[in-house]
Amino acid sequence: MSNLPPSLLKRTMFIEELSVLIGKAPTTIRTCATNRKFHHLIPRPFKMPHSRRLVWYEEDVVAWLEGSQTVTPVLVRRRGRPTKLEQVQRASMKADEIGK
C-alpha cells in the first residue's frame with residue numbers, strides 16, 4: 001500500500017454506492033458522466049490510474065448533496081388561451097410575488 005497516514009487518505013465511492021445514495025440508477029449515472037450536457041446532474045467523477053471505473057470522493061458527494069437545491073415545479077403552459085381558472089391563479093401568483 002502507500003506510506004501515507006490514514007488521515008490523508010480519502011474514502012472513495014463507486015457507482016453502486018453512489019446510485020443508492022442519490023437515488024439514481026447506475027446506467028443513468030454513467031450517462032450523466034459521459035454526456036457533457038448532463039454533467040450538472042451528478043457530482044464530478046474521476047478515474048483511478050489504469051482503471052475504467054468511475055470513482056467519487058465521499059466528501060465531494062456529501063458537499064454536492066448539501067449544496068443542491070430543491071427544484072420548484074415549472075409552470076407549464078398549454079397551447080391556446082388559458083382558462084379563467086388559470087388566469088385567476090396566475091394573477092394571484094403575480095400579486096403574491098409583487099407583495100413579497
Side-chain angles (χ1 to χ4, degrees):
M1 260 234 84
S2 102
N3 295 332
L4 294 173
S7 61
L8 292 178
L9 296 176
K10 295 181 180 180
R11 182 168 162 7
T12 58
M13 301 175 70
F14 292 106
I15 200 164
E16 296 81 14
E17 296 171 83
L18 183 70
S19 70
V20 171
L21 190 62
I22 67 173
K24 292 184 181 186
T27 53
T28 303
I29 295 171
R30 279 189 203 93
T31 301
C32 293
T34 57
N35 196 334
R36 181 171 234 92
K37 67 180 177 181
F38 299 124
H39 277 223
H40 65 284
L41 298 176
I42 61 169
R44 186 177 178 148
F46 68 95
K47 293 182 183 178
M48 297 269 191
H50 309 292
S51 175
R52 294 174 57 188
R53 289 191 75 181
L54 294 171
V55 184
W56 290 263
Y57 286 123
E58 184 178 40
E59 63 188 35
D60 292 345
V61 172
V62 171
W64 179 80
L65 285 171
E66 289 174 352
S68 63
Q69 300 174 1
T70 57
V71 178
T72 57
V74 178
L75 182 61
V76 179
R77 290 187 159 190
R78 298 180 305 116
R79 286 182 64 182
R81 183 180 175 97
T83 63
K84 292 291 183 185
L85 179 62
E86 291 171 340
Q87 291 176 13
V88 169
Q89 288 173 343
R90 287 184 188 149
S92 67
M93 286 175 57
K94 284 183 182 179
D96 290 341
E97 289 177 4
I98 293 171
K100 286 184 180 180

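Computed from a predicted structure; not experimentally measured. Atoms considered below: every heavy atom in the structure, side chains included; atoms not considered: hydrogens, waters and symmetry mates.
R53 pairs by the side chain to side chain donor-acceptor pair (under 3.5 Å) definition with E16, not counting sequence neighbours. Residues that satisfy the ring pair (Phe, Tyr, Trp, His ring centres under 6.0 Å) test with Y57, not counting sequence neighbours, are F46. Remark: Q87 pairs with no residue by the side chain to side chain donor-acceptor pair (under 3.5 Å) rule, at least two apart or across chains.
Hydrophobic clustering, defined by side-chain heavy atoms of Ile, Leu, Val, Met, Phe, Trp and Tyr closer than 4.5 Å, leaves V88 isolated from every other such residue.
When all heavy atoms of P26 and I15 are compared, the pair lying nearest together is O-CD1, 3.5 Å. Residues W64 and L41 approach most closely at CZ2-O, 3.3 Å, considering heavy atoms. Across all their heavy atoms, P43 and W56 have their closest contact at O-NE1, 2.9 Å.
If you chain together hydrophobic residues whose side chains sit under 4.5 Å apart, L65 and L54 fall into the same group. Note on V20: it does not cluster hydrophobically with I29, by side-chain heavy-atom contacts below 4.5 Å among ILVMFWY residues.
Screening residues 34-48 for side chain to side chain donor-acceptor pair (under 3.5 Å), with sequence neighbours left out, gives no hits. Residue pairs that meet the side chain to side chain donor-acceptor pair (under 3.5 Å) test with at least one member in residues 17-27, sequence neighbours left out, are R11-E17.
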Original post:
Does the side-chain contact (heavy atoms from CB on, under 4.5 Å) test come out yes or no for V61 and M13, once each step is laid out?
Top reply: CA-CA 9 Å; V61 172; M13 301 175 70; 4.1 Å; yes
Do K10 and E59 pass the salt bridge (Lys or Arg N to Asp or Glu O under 4.0 Å) test, and can you show the C-alpha distance, the side-chain angles, and the key distance before you say yes or no?
CA-CA 8 Å; K10 295 181 180 180; E59 63 188 35; 3.4 Å; yes
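Formation of a donor-acceptor pair under 3.5 Å by the E66 side chain with backbone atoms of A63 is not found in this model.
Atoms CD1 and SG, from I42 and C32 in turn, are 5.5 Å apart once rounded to the nearest 0.5 Å. If you take CD on E97 and CE on M93, they are separated by 6.0 Å, rounding to the nearest 0.5 Å.
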